[in-house]
Each structure stands twice: as structure tokens, then as C-alpha cells.
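All of these numbers come straight from a predicted model, not from anything done at the bench. Below, chains carry the letters A, B, ... as their sequence lines are ordered, and counting in each starts from 1.
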Protein chains: 2
Amino acid sequence: MSLKHAIMVLLETEAGSGYDLLKRFKQRLGFFWQASHQQIYQQLKVMHQAGLINCQLDIQQGKPDRKVYAMTEAGHEELLAWLHKACKPQKINDSLLVKLYGGHLLDKSTLLAEVRQHKSQHEKALLIMRDIEQQYAQLQGAERDNLALPFLTLRRGILGEQAWLAWAEEVEMFLME
Amino acid sequence: MSLKHAIMVLLETEAGSGYDLLKRFKQRLGFFWQASHQQIYQQLKVMHQAGLINCQLDIQQGKPDRKVYAMTEAGHEELLAWLHKACKPQKINDSLLVKLYGGHLLDKSTLLAEVRQHKSQHEKALLIMRDIEQQYAQLQGAERDNLALPFLTLRRGILGEQAWLAWAEEVEMFLME
DNA sequence: TTCTTCATGTAACCAGTTACATGATTCG
DNA sequence: CGAATCATGTAACTGGTTACATGAAGAA
């Protein structure tokens, strides 16, 4: 399991509530790690019980109370241990490709419609990433240096999406024949 | 769940045992769908109970008996229904990127070692796919036409791996500084 | 003799999804 | 007046992993 470790990477630099983490997931790890709020809240509970993080209640006015979690020493050690051991290759389970593989059972226009639908989502994702890339390009000095590693993960997203779209071109070419 | 449908895509063209399916997964869908033998055997049991597939015992000499599964009419309908409805975008959970994102907690050489380890696996995968691509290139006529869709899924693998490796170059460049 | 292939499964556990559930504030 | 944001969770279910389990044939 790595949701635990993904949460710890996010908490390491700054404490936060379940809700905060949900937003950080979307903003920072969203292109390569997805987690629902249910998963996050439950995982935080488990991690708290295991002593990897501690929790402080933040009573707010006009807004619901927040449970602010922060890394403990034990959590920090666990994170470092995880970072040091090799992780296994990413598991891919792509149902669009399964569908395409069995696509002889469908007519080409149905397949084409679905591929195009996915394509528009990938295009959108690429645009957003391109935008963040532009912002990064304008940074300088320490700020830029600090974001070098997150930038590399963004580059993975960009190159990945470009490859996906190049592939979609080939598929469209075939399906339009 | 789509393991069910992946199995049906494989059974649609030819009946087979759990063991056969395991091999087909590796050979045909391996680059975009992974399933363990435990998953497959259990899923087949469930699908059999649900009437999507039927089962015939094949008693062999010198080898263990085989349970040969084949699609039923109900299974065929279910598969077509699945093929016709849109599938959601692929979920990505890539722990290597989480690690890289939190890589400031590690020294560059440790990160570099891990990236290179993954790189060699991706290179190997690409070589295998390239090889299959070559075999396809030599086909002609009906045989080639029948494999057009599987070939497109292979292309996805090839373009995906190339993009991964191009990204790895960027990462190495940064980590060797 | 050891490794690989053939061929099947169970059980316990861990991870993830879907549905259900609440309730205030702020913006248009 | 309705939608979005803030903020939290539980429960049931489905899907996937790890460990355990067996046993023969054939190749190196």
C-alpha cells in the first residue's frame, strides 16, 4: 500500500487536515495518484492509531472543526524506510485497450466515438499541465530549485499525454478508413 | 470491475481453462492488463455461477484435469453490453512518481539508482514489443487484417514506453548534475 | 537433483468504490 | 434560491494481494 506513503509525503512538508490533503492530492499528485475523500479519512484514522501521525483539533468559528494531522518521528522514519526501498513497477489495467482488443465485436464508428471522448479528456489534461509548466518556466532561483522534482513529475504527465494523443491519431486513422 | 470482461474478450474467440487464460493474459493483454492466477480462478468460479460461462471437464492422461470454460449466450450479451457503454478514464497510481515528488528527503544518487532500475525494465519491455511489431510487419492479407486491433494496442505500449524512456532521460540529466 | 511447466485451488487480509449521512457558509 | 465550498465521517461491498497448498512430468 502506498496511499499511506503518499499522504506522508504531503504531510512531511506541512501539517494538514483530511480536507487539506484531498486538495493537495488533486493539485499536486493528481496526475499520477488518485484518492477519494473516503479513502483519505479512513487512512488518516488508521495512521493515527498506528502512531505515524498525530492529531490536533482546530476549533473554528462559522466553519466545521478541523482535525489537523502532522507527522510524528515514527512516521518520518517509516517514510524514509519506504523511500529507500525499491518500489515495484506500476500496475496498468486499462479497460479501453481491452475494449479495443475485442473491438471486432463492435462497429468502427462506436469505437471511434469512444476513442474521441477519451481523447478530449487527455487533451484537456495536457492543456492544464502545459499551463503549470509555463508558470514554472517563469520562476527563478531558489523557488525554481525547490520545485525541480515536482516539475519532473509534471514532465512525466506531459510526455505521457503527448504519447497518448499521438497514439490516438494512429487509432483514428485506422478507424476512419 | 473489468477482469470479468477481459476474460470474456479472451474466451469469446476461443474456449479455455484458467491456466490457458493466464497464459493468454500474459501474451496478449499483458502490456495493459495484469491478472494473477488466483484472481482468474476465482473470477471464473463466480462467472460460472452467474451463468456467463459454462464449464466442461477435460480429463487428461499424465497431466492434471482441465476445466475448459466457454462463453454462454448470456455471457456474450453481457460482453456486448459492456463494449457498448463508455468506460471511465484509466486510473493511475504510480508510486515511483510519489517517491520522486518527495525525493528531497533522499540523496540524488539513491533516486538515480531507482530510476535506472525501472528504466532497464521499460527498455526490456520495449524490446519485446518491438519484436512483436516486426513480426506483424511481415504479415499480409487476412492474417494482418485480423490482427489490426491487437496491433493498435501494441502500438499504445510502444509509444507509451518510448515516452517513459524519453522522460527518464530528463530525470537522469537532472539527477546527475 | 533441481528447475520449469502443467493444473488447480483456499483463506486471510488489504485496498478501493459506492452509497449513505450531516450541516453551515458563501457566491451568483 | 440553488450551487459550490468547507468539513467530517460510516457501512457494505467489490476487487486484488499474499501466503499457503498439492502433485506429477519432463528437461537440464
Separation between CG (Asn93(B)) and CD1 (Ile92(A)), nearest 0.5 Å, reads 12.0 Å
Got a donor-acceptor contact below 3.5 angstrom from the Glu133(B) side chain to the Leu154(B) backbone?
no
Considering only side-chain heavy atoms of Lys88(A), which listed nucleotide, dG16(D), dT18(C), dT17(D), is closest?
dT17(D)
Specify whether Tyr136(A) and Phe151(A) have parallel, tilted or perpendicular ring planes, treating 30° as the upper limit for parallel and 60° as the lower limit for perpendicular.
parallel
Rounded to the nearest angstrom, tell me the gap between atom NZ in Lys26(B) and atom C1' in dC6(C).
12 Å
Please check this pair: side chain of Arg24(B) against backbone of Leu10(B), looking for a donor-acceptor N/O pair closer than 3.5 Å.
yes
What's the CD-P distance between Gln56(A) and dT8(D), to the nearest Å?
14 Å
Those residues of residues 31-41 of chain A lying under 4.0 Å from DNA chain C by at least one heavy atom
Gln38(A), Gln39(A)
Quickly work out the Tyr19(A) OH to dG23(C) C1' distance and round it to whole Å.
14 Å
Please check the phosphate of dT10(C) (OP1 and OP2 only) for any side-chain N or O of Lys45(B) closer than 4.0 Å.
yes
In whole Å, what is the span from the CG atom of Leu21(B) to the P atom of dA7(C)?
13 Å
If the plane angle is over 60° it's perpendicular, under 30° parallel, otherwise tilted; pick one for His48(B) and Tyr69(B).
perpendicular
Rounded distance in Å - CD (Gln43(B)) to C1' (dT8(C))
17 Å
Expressed as a whole number of angstroms, how long is the span from Gln42(B):CD to dC14(C):P?
17 Å
Working note: Glu14(A) + Asp20(A), criterion side chain to side chain contact (heavy atoms under 4.5 Å, CB included); need CA distance, chi angles, decisive distance, verdict.
CA-CA 10 Å; Glu14(A) 199 187 348; Asp20(A) 292 334; over 6 Å; no
So, is Lys23(B) close to the dT5(C) phosphate, meaning a side-chain N or O under 4.0 Å from OP1 or OP2?
no
Heavy-atom closest pair (Met8(B) atom, Gly75(B) atom, distance to 0.1 Å) is SD-O, 3.5 Å
Expressed in angstrom and rounded to an integer, what is the separation of Leu44(B) atom CG from dT8(C) atom P?
9 Å
Tell me which of Asn93(B) and Gly18(B) sits closer to the 5' end of DNA chain C, going by the nucleotide each one is nearest to.
Gly18(B)
Under 4.0 Å from OP1 or OP2 of dT17(C): is there any side-chain N or O of Lys91(B) that close?
yes
Grab the CG-P distance between Leu22(A) and dA4(D) for me, whole Å please.
16 Å
Selected nucleotide, minimal atom distance to Arg66(A) side chain, candidates dT17(D), dC6(C), dA7(D):
dA7(D)
